[in-house]
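The structure displayed is predicted, hence computed values, not measured ones.
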Amino acid sequence: MLQIANIRKNAEELAARIAIRGLEGKSLIAQVLEMDEKNRAKRTEMETLQSKGNQLTSQIGEMYKSGQREAGDALKAESAEIKEQLKSLEMEVEAADQSLVQLLLTIPNTPSTEVPMGKTPEDNLEVLLWGNKPDLSAQSLPHWELAAKYDIIDFELGVKLTGAGFPVYKGKGSIFQRALIQFFLNEAGKAGYMEVQPPLLVNADSGYGTGQLPDKEGQMYHCGVDDLYLIPTAEVPITNLYRDVILNESQLPIKNAGYTPCFRREAGSYGAHVRGLNRLHQFDKVEIVQIVKPETSYGVLEDMSKYVQGLLQKLGLHYRVLLLCGGDMGFTSAKTYDMEVWSAAQEKWLECSSVSNFETFQTNRLKCRFRNSEGKTELAHSLNGSALALPRIVAALLENNQTPEGIKVPDVLVPYTGFDWIN
RNA sequence: GGUGAGGUGGGUGAGUGGCUUAAACCACCAGUUUGCUAAACUGACGAACGGGAAACUGUUCCGGGGGUUCGAAUCCCCCCCUCACCGCCA
């Protein structure tokens, strides 16, 4: 959620930035400002009356204490009248504030000025291309056929147990996936991220904190009996560690990494493009999160992007980096890079990481602040990224490294798997 | 699930109707001392929102919601959560 104080101060700039998403920034901001002005007038009116009422009650108290009981009683009527007036005024102010918040909740984050204009994925900017397409023989198989051939991932079994989108990893497939997780966590540790194991179920407050609620309620699995949500990403529990917190400037930057399964309903997305590991209801992911000082956040975004790319390079994957355009960016993000790996047998790019700077959009909801050098509280900036999401990495590795003899395990993973071939 | 105790500022924790403008201690911050760190001492120190160029000032907030009262952290009702013990159990 955008900060109202910031909108007052930088109305024009923010309107222009919203327009990068292809929205009517100017009229939206104008609407907010108009409502805000009305609300403040109401608030002033209410507070003046409250002040008057407070003075009166202390007067009455004084009179009682000095024995002027009758004089005190005489003022009670006036006090009661003020109280009556206040009742409706307070309700008006609350309703006014509520409707302003409702309006603000509909406004997405303001893209950074470097974000390209555009509405569709075609308008995303390819900022980097690394490596080359692997040269596969004509008999190359897509990963779901490889999974069956070597009996390492069983999609049918998952359907029996749960439903589509819940695969069962078996034998070397299971070990391979565990090796990747371990590799990613160790790399994150080396890069200075503190590992955390958060809960996989979160309450509604946490959902609101990172912005999954109320907009994306339908994307999360909900346990009705206990009113808890299965996390769609570790971003939710990890970022919410810092909800309602005032940090010390010296604690920043905070760098956390965590591995969790992720659960997504993905309602309405079926068909060929969700085949195999391409889109699942349950998948594993290592997530990195940073809470930083505002002036450093864009530098940190570049660092995180480089870090994620380093993982892809160590795995020897052909990938590209996209700077998402305004229209394709998530609601809460100010600037996002997507990393896509080349899936050689499917001959298409698969998104395997998304690294974003949220500026104060999340921290405003989270009330995640730090005490700056002037001793004032200030909202921190939050960022996160996948490092990495497992299924599409597994898919790309299986497809790109396939040979007639089997699937070659990347060298960096061998210490974790204990074998160098899946065959 | 049963019984009991409790939720107060960054933390510990006092506070049973108006001098609470929330004590005290700790932490954080600034300064003095100091080769450096530490210790000691001194000082400042809750948050959000509004008004004001600023100094400053107003309002709200003691788990959440309602109520009693001229006046509520304090009394009453409902809800939520935490802790302890018991039961069940990986």
Is [N] paired to anything, Watson-Crick or G-U wobble with both distances less than 3.5 Å, and if yes, which nucleotide?
N	value
B/A54	none
B/C81	B/G6
B/U12	B/A24
B/U68	none
B/G17	none
B/A47	B/U60
B/C41	B/G31

Distance between the [atom1] atoms of [N] and [M], in whole angstroms?
N	M	atom1	value
B/U20	B/G15	P	15 Å
B/U34	B/C41	C1'	13 Å
B/G63	B/U82	P	16 Å
B/C25	B/A44	P	13 Å
B/C62	B/U21	P	13 Å
B/U74	B/G18	C1'	12 Å
B/G9	B/C26	C1'	13 Å
B/A47	B/G52	P	22 Å

Using the closest heavy atom to pick a nucleotide of RNA chain B for each, name whichever of A/G53 or A/A5 lands nearer the 5' end.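 The answer here is A/A5.
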Both A/A80 and A/I4 contact RNA chain B. Which one's nearest nucleotide lies toward the 5' end? A/I4
Value in whole Å for how far the [atom2] atom of [N] lies from [atom1] of [X]:
X	N	atom1	atom2	answer
A/M91	B/U60	CE	P	18 Å
A/I246	B/G11	CD1	P	9 Å
A/K87	B/U60	NZ	C1'	18 Å
A/R8	B/C49	CZ	C1'	9 Å
A/M46	B/A48	CE	C1'	13 Å
A/R371	B/A47	CZ	P	5 Å
A/D36	B/G50	CG	P	7 Å
A/N372	B/C45	CG	C1'	14 Å

Which part of the nucleic acid, if any, lies within reach of [X] when heavy atoms closer than 4.0 Å are counted: base, sugar-phosphate only, or nothing?
X	answer
A/T377	sugar-phosphate
A/S79	sugar-phosphate
A/K367	nothing

Does [X] put a side-chain nitrogen or oxygen below 4.0 Å from OP1 or OP2 of [N]?
X	N	value
A/S51	B/U59	yes
A/N54	B/U59	yes
A/K83	B/G71	yes

Sidechain N-carboxylate O distance under 4.0 Å for [X], [Y]:
X	Y	answer
A/K335	A/E302	yes
A/E37	A/R40	no
A/K172	A/D151	no

Do [X] and [Y] pair up side chain to side chain, a donor and an acceptor below 3.5 Å, judged on atom types alone?
X	Y	result
A/E187	A/Y193	no
A/E114	A/Y298	no
A/N256	A/Y242	yes

Between [options], which nucleotide gets closest to the side-chain atoms of [X]?
X	options	value
A/R40	B/C70, B/G51, B/U59	B/G51
A/E47	B/A47, B/G50, B/G18	B/G50
A/R369	B/G50, B/A47, B/U59	B/A47
A/T44	B/G50, B/A47, B/C70	B/G50

Aromatic ring centroids of A/Y416 and A/F176 under 6.0 Å? no
Any side-chain to backbone donor/acceptor pair from A/S386 onto A/S354? Under 3.5 Å, distance only. yes
